[in-house]
Amino acid sequence: MVLRMILAAGCVIDSPALAQEPDPEPRGSIGGKWVGAVALPVGELPFSVIFEEADGVLSATMDIPAQGAMGLPLTAVSHVHGRVHFELDAPIGLAAWDGALEGDTIKGEFRQGVLTTTFSVSRADAGESEAEEPVPYGVEEVSFENGEIHLEGTLTLPEGTGPFPGVALITGSGPQDRDEVVSGFPVFRVLSDHLTRQGIAVLRYDDRGVGGSTGSTPGSTTADFAGDALAGLARLSAHPAVDPSRVGLVGHSEGAIVAAVAASRSGTVRFVVWLAGSTVPGTEVLYEQSAAIARASGVSEDRIERNTDFQRRLFAAVEAGEDLDAYREELGVALREGFHELTEEERGAISDVETWVQSQIDGQINRVETPWFRFFLTYDPVESLRGTRVPVLALFGGLDLQVVVDQNRPPLETALAANPDVTVEVFPRANHLFQAATTGSPSEYGLLEQHFVDGFLDRISNWILVRFGGQQRRGPAP
């Protein structure tokens, strides 16, 4: 869960496509859908690209679900000598992606204005990541309902007749697909593959408004997502190969909070695996998160303090239901001041300063006015944790800058003090995605290898199987 709320000006520099020559050694088609993210200084921006090839001409469109932008036409699309390039003519100027194709992944450089960072995308149908096809387990496409919300996902079933223990996976904040692809890393696809190979049935599903699922993620709340998770767990439990007395929830980031809310509501949840979830109100998470990521990005302490002060005042206004026009004006002033601090070349690259400023304002202020954000700001996860009496495995990353372990571990342990079966563990070198990291900053997610830190997957599967492994009869839960 990352909120991009830094008071800093940026600009757009035209980045023309590199001169290309015909490729004498074709590297294969890149046609189809690719999903991933741009690694921004204070978080990642998920997006997907669909490449189409017709009569030797390559074209592409882009979806950015978090911004409600779908089917955006891309320009300067090319695939030459193993290099892939495409551009987006945005209202604030040109954005350019230039990367290298390596198997089923494209990694490279993203440029927009003074910002130069990384991006990574992977084929949406690239297989089970670390697993080779065909996989040694069953795969079923499933759907289920939560009231008027229709959700679609994938159910993977171990070899054998069962009944098996089962889990439903819950993604982190923002609209995400069933694989929870972050900076090109299909977090849930890899996790699902491992758990299923170990004898655990797994349901993973698209968030509201993503893929075949209806509804809106920004227009819903964490409490709404708990209803989706329980509906998914019911769909999982109804399968004849799954034992409903041995089913639980695995939640990542905000998904961990969702899992605890669901477990406190319903006795059908028999265990919870809490992965990098926050345990303090959203305001406190965002203050700590923004400061930690900004420091890792080299932002001055003075700028960090000013940003935190702006956040505190803005969030208080949101909670009080105040009009936010004054904050739009304040942010606009800061952006205009920052614009004049840019070089002449950088300023010249912005054709319409006011359009650029308004786009920046809308991107930040509009986000805080959504139902999801308003709920997240004030909700204290401790409320649901205290009501969670089932076994809990809570894992944190020691280098996580999005959910800082020193801030979030103590409240979790206090809230679960009355629960007799709680295991808390920190992977010292892990980031928010549980990759082996260097700094933990989201800006390096796309640069790291797309697999988990050693011991992470086995820790989850072993914990579940020790408590819920073995054959048990289907039927009403005791």
Side-chain angles (χ1 to χ4, degrees), residues 164-172 187-188 190-192 194-202 226 229 233 243 245-280 381-400 402-437 452-470 472 477:
F164 305 104
V167 298
L169 308 185
I170 311 170
T171 69
V187 176
F188 276 4
V190 177
L191 176 58
S192 173
H194 171 82
L195 294 177
T196 310
R197 288 171 182 267
Q198 301 307 309
I200 301 167
V202 181
L233 198 68
D243 183 352
S245 70
R246 297 186 291 156
V247 295
L249 299 173
V250 178
H252 178 226
S253 195
E254 186 196 4
I257 304 173
V258 173
V261 173
S264 67
R265 285 185 188 176
S266 173
T268 62
V269 182
R270 297 313 177 96
F271 61 89
V272 168
V273 178
W274 175 284
L275 304 178
S278 60
T279 61
V280 295
V382 164
E383 296 177 19
S384 55
L385 283 169
R386 286 175 179 154
T388 302
R389 300 299 183 183
V390 297
V392 175
L393 171 65
L395 304 181
F396 293 94
L399 295 180
D400 188 345
Q402 293 185 231
V403 177
V404 178
V405 63
D406 289 344
Q407 179 190 44
N408 292 280
R409 178 176 181 171
L412 178 138
E413 292 178 327
T414 299
L416 293 173
N419 188 324
D421 191 350
V422 176
T423 302
V424 182
E425 187 171 335
V426 177
F427 287 84
R429 296 181 55 242
N431 61 18
H432 190 61
L433 306 184
F434 293 93
Q435 298 167 294
F452 296 111
V453 66
D454 291 345
F456 172 75
L457 291 173
D458 288 336
R459 190 69 185 94
I460 298 173
S461 58
N462 290 342
W463 184 88
I464 294 173
L465 292 173
V466 163
R467 288 160 178 75
F468 299 96
Q472 295 187 19

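Residue indices begin at 1 and follow the sequence shown.
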Separation between [atom1] of [X] and [atom2] of [Y], rounded to the nearest 0.5 Å:
X      : Y      : atom1 : atom2 : value
Thr388 : Arg265 : OG1   : CZ    : 12.0 Å
Ser278 : Gln407 : OG    : CD    : 8.0 Å
Ile170 : Ser253 : CD1   : OG    : 12.0 Å
Asp243 : Phe468 : CG    : CZ    : 10.5 Å
Leu393 : Trp463 : CG    : CH2   : 5.5 Å
Ile200 : Leu465 : CD1   : CG    : 4.0 Å

Check whether any side-chain heavy atom of [X] sits under 4.5 Å from a side-chain heavy atom of [Y], and report yes or no.
X      : Y      : result
Val273 : Val167 : no
Phe452 : Val187 : yes
Asn419 : Leu385 : no
Val392 : Leu412 : no
Phe396 : Val424 : yes

Just wondering, are more than 12 heavy atoms of other shown residues or ligands nearer than 6.0 Å to CZ in Arg459?
yes

Tell me whether Asp458 at atom CG has more than 12 heavy atoms from other residues, nucleotides or ligands lying less than 6.0 Å away.
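Count over threshold, so yes.
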
Trace of the side chain to side chain contact (heavy atoms under 4.5 Å, CB included) decision for Asn462 with Gln198:
CA-CA 9 Å; Asn462 290 342; Gln198 301 307 309; 5.6 Å; no

State, to 0.1 Å, how close [X] and [Y] come at their nearest heavy-atom pair, and which atoms those are.
X      : Y      : value
Val390 : Val269 : CG1-O, 3.2 Å
Leu399 : Ala437 : CD1-O, 3.5 Å
Ser245 : Arg270 : O-CG, 3.4 Å
Val202 : Leu195 : CG2-CB, 3.7 Å
Val382 : Ala415 : CG1-CB, 4.0 Å
Val405 : Pro410 : O-CD, 3.8 Å

Students often mix this up, so state it plainly: with edges at 30° and 60°, are the rings of His252 and His432 parallel, tilted or perpendicular?
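If you compare the ring of His252 with that of His432, the planes turn out tilted.
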
Give the C-alpha distance, both sets of side-chain angles, the deciding distance and a yes or no for side chain to side chain contact (heavy atoms under 4.5 Å, CB included) between Phe456 and Leu275.
CA-CA 10 Å; Phe456 172 75; Leu275 304 178; 4.0 Å; yes

Would you sort out whether Arg467 and Asp421 count as a side chain to side chain contact (heavy atoms under 4.5 Å, CB included), showing the intermediate values?
CA-CA 10 Å; Arg467 288 160 178 75; Asp421 191 350; 3.0 Å; yes

Return yes if some donor-acceptor pair links the side-chain N/O of [X] with the main-chain N/O of [Y] below 3.5 Å, else return no.
X      : Y      : value
Ser266 : Ala263 : no
Thr279 : Asn408 : yes
Thr196 : Ser192 : yes

May I have the step-by-step check of side chain to side chain contact (heavy atoms under 4.5 Å, CB included) for Trp274 and Ile257, ending in yes or no?
CA-CA 8 Å; Trp274 175 284; Ile257 304 173; 4.2 Å; yes

